Asker: 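Structure provided below as structure tokens; questions to follow.
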Amino acid sequence: MTLTGQYVAFFLFALMAITGGVFMINLNKVIHMVLSIGLSFFGVAGLFVILHAEYLAFVQVLIYAGAITIMMAMGTMMTHHATAEVLPRRKWHTFLAIISAITIGGFFLYGIYKITWPSEMAELNDNNVMAIGEKIFTNYVIPFELASILLLVALVGAIVLAKKEGDE
Amino acid sequence: MAELLSQPFSWLNLIIMVSAGVVVLGVVLVFVMYAIYFERKVIGWMQLRNGPNRVGPWGLFQTVADVLKLMIKEDIVPAKADRFLFLIAPIIAYTPAFAIIAVIPFSENVFFADVNVGILYYGALSSISITGILLGGWASNNKYAIMGGMRSVAQMVSYEVPLIMSFLGVVLLTGSLNMKDIVAAQQDGMWFIIPQFLGFVIFLIAGNAELNRTPFDLPEAENELVAGYFVEYSGFRFAFFMLSEYVYIFALSSVMTVMFLGGWDAPFGLTFIPGGVWFALKFLLLVFYLFWARATFPRVKTQQLMGFAWKVLIPLALFNVMITALFKTISQAG
């Protein structure tokens, strides 16, 4: 396998995604955690760009980067600046976590090797945004509408909850 | 420029790409320097003052001297600040602002990346700068800074919604998210400022709010918050925050020129003047508008600010999208 630019980029973005996740778990301050999960989101967006899914990549950045700032604002409002919350670590937890991580990883690997992937690539023309739009609004319009109703219910619910607390 | 990206990798191509980036950076820096000078002059004239007039002929070197002063100042990090985040916050705020320029077509041949989701790219990257601003406010460990940062987040998140919705009318008319296609569609028909006037006005207001400039400069309101999120910054890192604001002016005005004023398209058939000149003229008009608004509007109050975004701009933007879709459907059917 030759070392192409795509290959290098893949490793960089994959590394970003994984280190972001690892830092997210190991850091102690909320803001640091949120930033590292942001790094992870960027890594995933980069992987989408490599796969020629620019639309998906930038939607990923738009939605999740927006979420980072909101999470950070929440974090600043609800935690103290100087103190970091360090949870006591139990001995058995590390061991059990390693075991379950290996099990799940092995399970996924088994599944991935079992599937026979189609050998030729799907036809991806330059304007795949249009293709995505047409698919969503014709073949998948009912799941799309259901998702929007779900979001609407969540929105109304949040307003009702906030209103109740405001009245008290 | 665009064909470079599809060629196989070579060191020569890398050198060309990097030097193109450096040239753009240089152009942007010169723009920022003289935009600040121009802004101070224009505001001065509007308030019957002279503006800067001491350094160099007509004060032309005033901002050069200011930048030099900022560069040789000490870079102070407060003792109680979160050192690492304090240091990277200006970088996080500046990088997306500069990266936006990559997708803007300045004329038929001068553009850097022909991305088929250009507008979405703009919307996505402009939402990242907020992270840098909030981070700068939080890491400074200063109550004024954190209040400025929080205000900025609330404001920018709210105004981003009408800003992106105001794109949708143009996207509906063009049927593409690609900035070059949008200009091409305007060359065939009329500029989108006429059929999309409502969208244009929403973009003007929401864009001004996104930039945190007067009348929407609550995050850095001097008389309430000292200087807002960058109170604790000094020297070059302070300059970076200023720079990202002015680079955003550059990017926002360029995007508005492309989407509503026809990009490099020449009006009245005056095609003997090159497209780049037309682009620059329209672009400077919009930059002038931003300075004009700063000189003449008072700052809005916090409760007015959020109510205006959610109760006026968003319904108007939705209305605009619906009307545009309706007209497009009728004209296609008939």
Side-chain angles (χ1 to χ4, degrees), chain A residues 2-9 23 27 29-32 34-39 41-42 45 48-49 52-77 79-82 84 124-134 137 155 159, chain B residues 5 7-10 13-14 80-82 84-85 88-89 92 95-96 99 103 113-135 137-143 145-147 149-154 156-157 160-161 164 171-172 175-178 181:
Chain A
T2 52
L3 197 70
T4 58
Q6 206 175 22
Y7 213 62
V8 175
F23 274 129
L27 291 173
K29 281 188 184 175
V30 175
I31 299 278
H32 296 179
V34 173
L35 260 191
S36 45
I37 206 172
L39 184 72
F41 289 150
F42 268 99
F48 281 141
V49 172
H52 296 284
E54 289 96 353
Y55 177 74
L56 216 53
F58 293 124
V59 166
Q60 162 99 6
V61 173
L62 182 69
I63 309 269
Y64 287 94
I68 290 170
T69 40
I70 302 290
M71 281 197 282
M72 269 186 354
M74 293 289 178
T76 26
M77 280 193 279
T79 57
H80 293 289
H81 189 281
L124 270 182
N125 54 350
D126 282 341
N127 213 346
N128 51 27
V129 187
M130 203 173 255
I132 290 172
E134 275 168 3
F137 287 102
L155 186 73
I159 292 171
Chain B
L5 290 176
Q7 279 170 10
F9 177 81
S10 75
N13 281 358
L14 184 72
K80 290 263 177 82
D82 190 318
F84 178 67
L85 293 188
I88 64 165
I92 296 181
T95 315
V103 292
D114 193 7
V115 184
N116 65 355
V117 285
I119 294 177
L120 194 68
Y121 174 88
Y122 170 80
L125 283 189
S126 69
S127 68
I128 299 169
S129 279
I130 316 172
T131 313
I133 287 173
L134 179 61
L135 216 56
W138 184 82
S140 305
N141 202 1
N142 173 317
K143 60 185 166 195
I146 189 78
M147 278 169 76
M150 295 297 267
R151 276 188 183 189
S152 166
V153 168
M156 288 168 99
V157 167
E160 206 172 71
V161 182
I164 291 177
V171 174
L172 270 174
S176 168
L177 289 166
N178 186 329
D181 290 352

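All chains are named by letter (A, B, ...) in the order of the sequence lines, taking the proteins before the strands, and each is independently numbered beginning at 1. All of these numbers come straight from a predicted model, not from anything done at the bench.
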Asker: Which residues satisfy the side-chain contact (heavy atoms from CB on, under 4.5 Å) test with Val117(B), sequence neighbours excluded?
Answerer: Glu54(A), Tyr55(A), Phe58(A), Val129(A), Val115(B), Leu120(B), Leu177(B)
Asker: What residue in Val153(B), Asn178(B), Leu135(B) has the most heavy-atom pairs under 4.5 Å with chain A?
Answerer: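 Answer, by heavy-atom pair count under 4.5 Å with chain A: Leu135(B).
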Asker: So for Ile133(B), is it side chain, backbone, both, or neither that comes closer than 4.5 Å to the heavy atoms of chain A?
Answerer: neither
Asker: Measure Ile63(A) against the heavy atoms of chain B and call it side chain, backbone, both or neither at under 4.5 Å.
Answerer: neither
Asker: Considering only heavy atoms, which portion of Phe42(A) lies under 4.5 Å from any heavy atom of chain B: side chain, backbone, both, or neither?
Answerer: side chain
Asker: Under the side chain to side chain donor-acceptor pair (under 3.5 Å) test, which residues partner Ser129(B), sequence neighbours left out?
Answerer: Tyr248(B)
Asker: Show, in sequence, the C-alpha distance, side-chain angles and deciding distance for Phe23(A) and His32(A), and conclude whether the side-chain contact (heavy atoms from CB on, under 4.5 Å) test is met.
Answerer: CA-CA 8 Å; Phe23(A) 274 129; His32(A) 296 179; over 6 Å; no
Asker: Given Leu56(A) and Ile132(A), is the side-chain contact (heavy atoms from CB on, under 4.5 Å) satisfied, shown in steps?
Answerer: CA-CA 10 Å; Leu56(A) 216 53; Ile132(A) 290 172; 5.6 Å; no
Asker: Sort Val34(A) into side chain, backbone, both or neither according to what part of it lies under 4.5 angstrom from a heavy atom of chain B.
Answerer: neither
Asker: Please flag which part of Leu85(B) lies under 4.5 Å from any non-hydrogen atom of chain A: side chain, backbone, both or neither.
Answerer: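 Answer is side chain: those atoms of Leu85(B) sit under 4.5 Å from chain A.
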Asker: Give the C-alpha distance, both sets of side-chain angles, the deciding distance and a yes or no for side-chain contact (heavy atoms from CB on, under 4.5 Å) between Ile128(B) and Leu125(B).
Answerer: CA-CA 5 Å; Ile128(B) 299 169; Leu125(B) 283 189; 3.6 Å; yes
